[in-house]
Amino acid sequence: LAVMGIGSWPRPRWLLQAIHEHLAGRLPEEEFQATADDAVRLAVQAQLRAGVAVVTDGEQRRDNYASFVGGRLDNCQLIPLTDLLPLVDDPEKLEKEMRSLDVPASEVRHPALFGPLGRSRALAGHEHAFVRTLTDRPMKVALPGPYLLTRLMWLECVSDRVYQSREQLAEDIVRVLREELHFLLAAGVSLVQLDEPVLSEVVFTGAKNTRSFMCGALSEKGDAVGELAFAERLEIGRASCRERV
């Protein structure tokens, strides 16, 4: 059995501070990347000492496991969740939903769409390129899955100014993930892991008062059967890329 990490590697406190400062615009890109490089070195060295067969960069550069994509796509920006209030038709409703989250809304940055999604730069190519300077062992890259990204980015009164429906948004999300898969495989990545943790919440948690931000809580939660069918359609569309590769 191949031994490898599944989720993100714990981030040092100094890296968490650097991520916060970088997102707030107080730490220049070059300085942030140098700091993140140090954290990736530590994560990779620990994996090599443990004897893993496939390494990852530990997702050290990402602000979180999914919304980091929003900061690298065209016409999408990561903005503080509280900054969405002036953009929506019903700010009181959004404010109420933010109060029900399991993390303070003021500390969360959310992807907001200001035009059709595009991918003019790689989402994780820089992560792969740096790890290749540290080891020649096979590398795995994790990406958020199409259902998770659709759920995270589809916010009524914000994304519906660009897309008529979440299904239309999902088509572009599947497209950019296909493009990234082609790029990563061509660059020499051995495995690409697509994460869909939101499905466990959709299916198993039922109705509850606290909404998990991890699972795109601000998106409307439909019935489990319908959501699973929607997620399956997205995975089939994404898998057609893998078959061609």
Side-chain angles (χ1 to χ4, degrees), residues 1-23 26-73 78 103 109 119 121-149 152 176-200 213-215 235 238-239 241-243 245:
L1 295 176
V3 177
M4 68 189 77
I6 297 299
S8 59
W9 199 261
R11 295 171 181 83
R13 185 178 298 275
W14 44 265
L15 178 60
L16 292 174
Q17 182 63 31
I19 291 173
H20 177 75
E21 295 294 318
H22 182 242
L23 289 172
R26 294 189 291 267
L27 183 65
E29 176 72 12
E30 185 176 346
E31 291 184 32
F32 168 71
Q33 294 299 342
T35 302
D37 286 349
D38 288 340
V40 172
R41 287 188 185 95
L42 293 174
V44 170
Q45 288 168 6
Q47 292 172 73
L48 294 177
R49 287 196 302 271
V52 300
V54 180
V55 300
T56 75
D57 81 330
E59 302 177 31
Q60 296 293 287
R61 302 176 198 278
R62 305 179 184 184
D63 61 308
N64 76 42
Y65 74 115
S67 67
F68 83 96
V69 170
R72 300 192 65 82
L73 290 173
L78 284 178
V103 293
R109 286 173 174 80
R119 177 190 165 279
R121 58 176 174 169
L123 304 179
H126 59 304
E127 298 175 349
H128 169 253
F130 182 70
V131 171
R132 281 280 68 91
T133 69
L134 305 176
T135 177
D136 58 0
R137 244 173 240 195
M139 181 182 175
K140 179 181 73 171
V141 171
L143 294 173
Y147 177 79
L148 172 58
L149 285 179
L152 186 67
V176 298
L177 285 176
R178 283 178 174 177
E179 293 172 1
E180 184 70 10
L181 281 169
H182 277 295
F183 173 85
L184 292 173
L185 292 172
V189 171
S190 300
L191 293 171
V192 179
Q193 170 184 308
L194 287 116
D195 294 329
E196 292 286 13
V198 64
L199 289 176
S200 60
F213 176 74
M214 278 189 66
C215 292
E235 288 297 326
R238 195 249 335 142
C241 161
R242 180 183 59 200
E243 291 165 1
V245 173

Whether Q193 side chain and K140 backbone form a donor-acceptor pair below 3.5 Å:
no

With heavy-atom distances below 4.5 Å as the criterion, would you say the side chains of E196 and E235 are in contact?
yes

Heavy atoms only: give me the nearest L78-F68 pair and the separation to one decimal.
CD1-CA, 4.5 Å

Is the number of heavy atoms from other residues, nucleotides or ligands within 6.0 Å of CD (E29) greater than 12?
yes

Contacts of R119 meeting side chain to side chain contact (heavy atoms under 4.5 Å, CB included) (sequence neighbours excluded), chain-then-number -> L73, A122, V176, E179, E180, F183

Tell me whether R137 contacts the main-chain N or O of V52 through its side chain, where contact means a donor paired with an acceptor under 3.5 Å.
yes

On a heavy-atom basis, which atom in L194 and which in G145 lie closest, and how many Å separate them?
CD2-CA, 4.1 Å

Which atom of A39 lies closest to which atom of P12, heavy atoms considered
CB-CD, 4.3 Å

Using 0.5 Å steps for rounding, measure from the CG atom of L15 to the CG atom of L42.
10.0 Å

What distance separates L149 CG from L143 CG, expressed to the nearest 0.5 Å?
8.5 Å

Under the 3.5 angstrom rule, does the side chain of R132 hit a backbone N or O of T135 as a donor-acceptor pair?
yes

Check: A43 main-chain N/O paired with Q47 side-chain donor or acceptor under 3.5 Å:
yes

Distance (rounded to the nearest 0.5 Å) between Q33 CD and L27 CG:
9.5 Å

May I ask you to test the L134-R41 pair for a side-chain heavy-atom distance under 4.5 Å?
yes

Would you say R13 has more than 12 foreign heavy atoms packed within less than 6.0 Å of its CZ?
no

Using modelled atom types and a 3.5 Å cut-off, is there a donor and acceptor pairing between side-chain atoms of Q60 and backbone atoms of W9?
yes

Validation row: V69, L152 side chains within 4.5 angstrom (heavy atoms)
no

Sidechain-backbone polar pair: R11 side chain, G58 backbone, donor-acceptor under 3.5 Å:
no

Checking T35 side chain against E31 main chain: does a donor-acceptor pair fall under 3.5 Å?
yes

Check E59 against G7 and note the closest heavy-atom contact, atom names and distance.
OE2-C, 4.1 Å

Give me the atom names and distance for the closest heavy-atom approach of H126 to R61.
CD2-CD, 3.9 Å

Nearest atoms (heavy-atom pairs only) where A18 meets F32
O-CD1, 3.8 Å

Close side-chain approach of D57 and F130, heavy atoms under 4.5 Å
no

CG-CG distance between L184 and L191, expressed to the nearest 0.5 angstrom
11.5 Å

